[in-house]
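None of these values were measured; they are calculated from a predicted model. Residue numbers start from 1 in every chain, and the chains themselves are labelled A, B, ... in the order their sequence lines are given, proteins ahead of strands. Atoms considered below: every heavy atom in the structure, side chains included; atoms not considered: hydrogens, waters and symmetry mates.
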Amino acid sequence: MRTPLTYLLATLSLAVLPSTALATDLDQLDADWAHDVVLSADTLAQSQPELARVIATGNPGLSRSGQPIFPDASWRVPEAAGALLVRIAEGGESAGVRVGLLDALSRTKGDWASAVVGLLGHESNPEVRRMMVEILREAPVAQARAGITLGLSDSDAGVRAASVRVVGNHIDGVKLGDLAVAGLLDLTPGVRTEAARSIGYAGFTDGFGAVQALLTDSDADVRYRALRSLQKLNASMVAGLPELSTLATDADPRISREASKLLGR
Amino acid sequence: MRRSTLAAAGSVLLALTALLSACDDPKDGGKDGTTENGGDEGGDEGGDEGGDEGGDEGGDGGGVFTLASVDTVVGVANIDDDNENQTHDWDDSDADDEEIVPLGYSADAFSELGDSERVRVELVGDVDQLRLWADGAVVLDAANTTVELDASVDGSTLGVEFYQPMASGALELSYIDIDGNAVESVTVEVHAAPLILNHHMQPAEWAVAVYTGRGTYGNQDFIDGFDAVLGDDFGTVSGSSVSYDVWIQDELEYGTMTAPGYEMQVVIDSIRSQRDQYLDSVPESEMWGPDTAVWTWGSGAVTSQDSFGNLEVSPPVTVDGVEYPFGRVYYGDTGRYAMTDDMQEMLDNQKVQAPFTLDIGWLCVGHVDEFMTFLPNPDAPKGFTLYVADIDVGRDFLESLDPSTELPLYDSGHGVDSIGDMLDHSGMWTYNRDLMDEHIEPNIDTLKSELGLNEADIIRVPSVFERSTACGGTALSLIPGTVNMQVQTHADGVGADLFIPDPFLREDVDDLGSDPFIAEFEAMLPSNLTPHWLDDWATYHLMWGEVHCGSNTRRTPVGQWWTDATHLLED
């Protein structure tokens, strides 16, 4: 929670000081998106100072599972995006609060995607990076592709899993399917599982063969998800797969049940 | 102590079956063989009706002392707070505490003992959870498990105190003659009531919610909705006093402990909030008192599964010929996380509600109240109906609507601006398909198996889930979770007021009558149920919960476990 002093400073900076005082980190970045963010926040501070103030200082409510959430409907407007990005970029708050801010950002329908991809490369907290990637499901395909690509090389498996999950959640996920195929080779089973799932959700039929290869994965969750995903891609082709007879005797009951069903047993 | 109407007031005598007598040793000149006793039959008949040896010896012409006793003493754990000093009564009880259960002896029951005669009493079983009181003091506990009583003891002051539900043991009473020999003995089983959690067929007494006022997180309309229907049977906790933690369903679970003549409400205080933060102190500060106990099972690391929206009870059922007259407890388990082991162990130990688990790993919050509830239904085969979220029914329902219908609240809250927009997202529906196939249907199968249900006992409610961003891709209700409602059952156990989250699946958010979802769901309700649609959108729905999560209900205990559920208590 911010102190009254920082509250006051934040208010003053948004309302009075030049935009360079808004967020030092952003100002140091030589990138169009950073300049756009600062300009957007400054514009909001001039045009809607009260909204700018509450975005800069508002406290979250706690979701039922304890996640800080900002449900204020007045924030869910495109022009709020810049001010939210400034607060996120400041980085002085807990990871949970910043995740909540990213959630609010994703609901503005504003032009925030390039900035989030840009910030992703500078963010040190994996929980925040994961959320940065996660919300790219709402981003245009180009920015989503850039963010997923960055996320797939992340050292944190949770970020990599979130990256492939975007493919399955994106309205144009089929255009991002190749990135999920790359995730099928991840060393972490949870990432392979999410990649297989996303290929199915996106309907990326070109990924059928790559997902089929996971039917012999050492991890049961991966095998199960691959089998489920393949049915979404081409149900009739799955019924003829040679792996099914082995899977029908899989030690994991989910897999054996699913394979047996496909075999008509 | 509130006296239950379930049994004669003050009665603890379950079965007066043992009537043993013992004779004074002829060498005991002090008794002079003329001892009167509390058990005329034993003395007069020389044991024909009771303990044979005692009777025989009595027949030798000596004096008679009788250990008249009961088989079993049943009580409730003394963890309420009669004197309202924020201390469990067990820790500061006195001899007048009403939860101390008399053994049933008369004041002069021991007065006929000779100078050298004693009654030795031994405490066995859960000795750390049982006590025997006599003459205003504790005479048996974990530290002292044997005591000898003489003629001076006032028999009417002998009473048993219990520390925890299901505490059990025995008092072994032996008459010690003048030579120090144990001539006769009798065993009194002592048993504390199980803690029985409430189900929706039980009458509701009082509901509670956290009031957060107006503004961004305000819930004035929500509170007004409860208040208008329940009046004095509804109370609030000030939001400012609990850091606006509105999730009072998760903080506490109501149950009861009953015994013949005894009835105690129990508030299980979850470990979800600790160190007096958020709602942590509410059970102690606002509920604990005479006849209302507060207790916490577990400590340490907390998961969302420790919240009590993840702990519910079915109505009474019969499964494979086994009757569960108090229903069965169910709670969610993600496979990796479940409620704290201490809590699970406690629930298992109560036996009468035989817990089972459901898969909730697919849900963001991970509570069983997010996708199902039970409602009284006198027209249903079992007197109740399971209402459960169903994706297919949800899809069919939405497809029956005008796709151009705008959804103002969903546009802001979920990024979906119309019915058509909701239907168009193929990835979301594929995800929902998986939820149904992989989680909801298997859970329904579990419920059928564990509760002896079939499809005729189930109504499927239109539902749609979205895949969360802040929750690792797990599920949150897109349309407010209809089944996540509060059920205020009437005194008859049949009628009920239902407080249901307003779905806002309409263009004019102020016109409930124009909402097709409301019409659809109300058509699914039997006439004994009265729906009340509450606006929980900003304060609860967008914060990943609904009406049930934000309220709680105290209920009246029904049934007598000591007669109706003994088959479940057998090892």
When rounded to the nearest 0.5 angstrom, what is the spacing between CG in A:Asn169 and CD in B:Glu466? 10.0 Å
Minimal non-hydrogen separation, A:Pro71 against B:Met543, with atom names: CG-SD, 3.6 Å
Check whether B:Trp544 reaches the backbone of A:Gln67 with its side chain - one donor and one acceptor, N or O, closer than 3.5 Å. no
Counting only heavy atoms not in A:Gln231 (residues, nucleotides, ligands), do more than 12 fall under 6.0 Å from its CD? yes
Which bit of B:Ser304 comes within less than 4.5 Å of chain A, counting heavy atoms only: side chain, backbone, both or neither? side chain
For A:Arg257, is it the side chain, the backbone, both or neither that has a heavy atom under 4.5 Å from a heavy atom of chain B? neither
In this structure, are over 12 heavy atoms from other groups packed under 6.0 Å from A:Asp111 atom CG? no
Salt-bridge test for B:Glu438 and A:Arg254: reply yes if a basic N is under 4.0 Å from a carboxylate O, no otherwise. no
Would you mind checking which part of B:Thr469 comes under 4.5 Å of any heavy atom in chain A, side chain (CB onward), backbone (N, CA, C, O), both or neither? both
Quick check on B:Lys448: does its NZ atom have over 12 non-hydrogen neighbours (other residues, nucleotides or ligands) under 6.0 Å away? yes
Near B:Tyr337 OH, under 6.0 Å, is it more than 12 heavy atoms from other residues, nucleotides or ligands? no
Select one option (side chain, backbone, both, neither) describing which atoms of A:Asp72 are under 4.5 Å from chain B's heavy atoms. both
Would you say the side chain of A:Tyr201 lies within less than 4.5 Å of the side chain of B:Arg433, judging by non-hydrogen atoms? no
Should A:Lys232 and B:Asp434 count as an ion pair when the cut-off is N to O under 4.0 Å? yes
Does the side chain of A:Arg64 come within less than 4.5 Å of B:Glu370's, by heavy atoms? yes
Looking only at B:Gly545, B:Ala470, B:Gly427, B:Gly415, most heavy-atom pairs under 4.5 Å shared with chain A are made by B:Ala470
B:Tyr431 portion near chain A, given a 4.5 angstrom heavy-atom threshold: both
Just give me the residue among A:Thr108, A:Ile171, A:Val133, A:Val77 that pairs up with chain B most often, heavy atom to heavy atom, under 4.5 Å. A:Ile171
Can you tell which part of B:Ser468 gets under 4.5 Å to a heavy atom of chain A, answering side chain, backbone, both or neither? backbone
So, A:Arg107 versus B:His414: side-chain donor-acceptor pair below 3.5 Å or not? no
What do the steps show when you test B:Asp411 against A:Lys109 for side-chain contact (heavy atoms from CB on, under 4.5 Å), and what is the final call? CA-CA 10 Å; B:Asp411 189 18; A:Lys109 299 187 178 179; 2.3 Å; yes
Interchain contact, B:Tyr278 with chain A, by part (heavy-atom threshold 4.5 Å): side chain
Between A:Ala73 and chain B, which part of the residue has a heavy atom less than 4.5 Å away: side chain, backbone, both or neither? both
Heavy-atom distance under 4.5 Å to chain A: side chain of B:Ala538, backbone, both or neither? backbone
Are B:Arg467 and A:Glu194 ion-paired here, with the side-chain N under 4.0 Å from a carboxylate O? yes
Which one of B:His367, B:Met428, B:Gln249 has the most heavy-atom pairs closer than 4.5 Å to chain A? B:His367
Residue selection (most heavy-atom pairs with chain A, distance under 4.5 Å) from B:Leu409, B:Thr303, B:Asp437, B:Thr212: B:Asp437
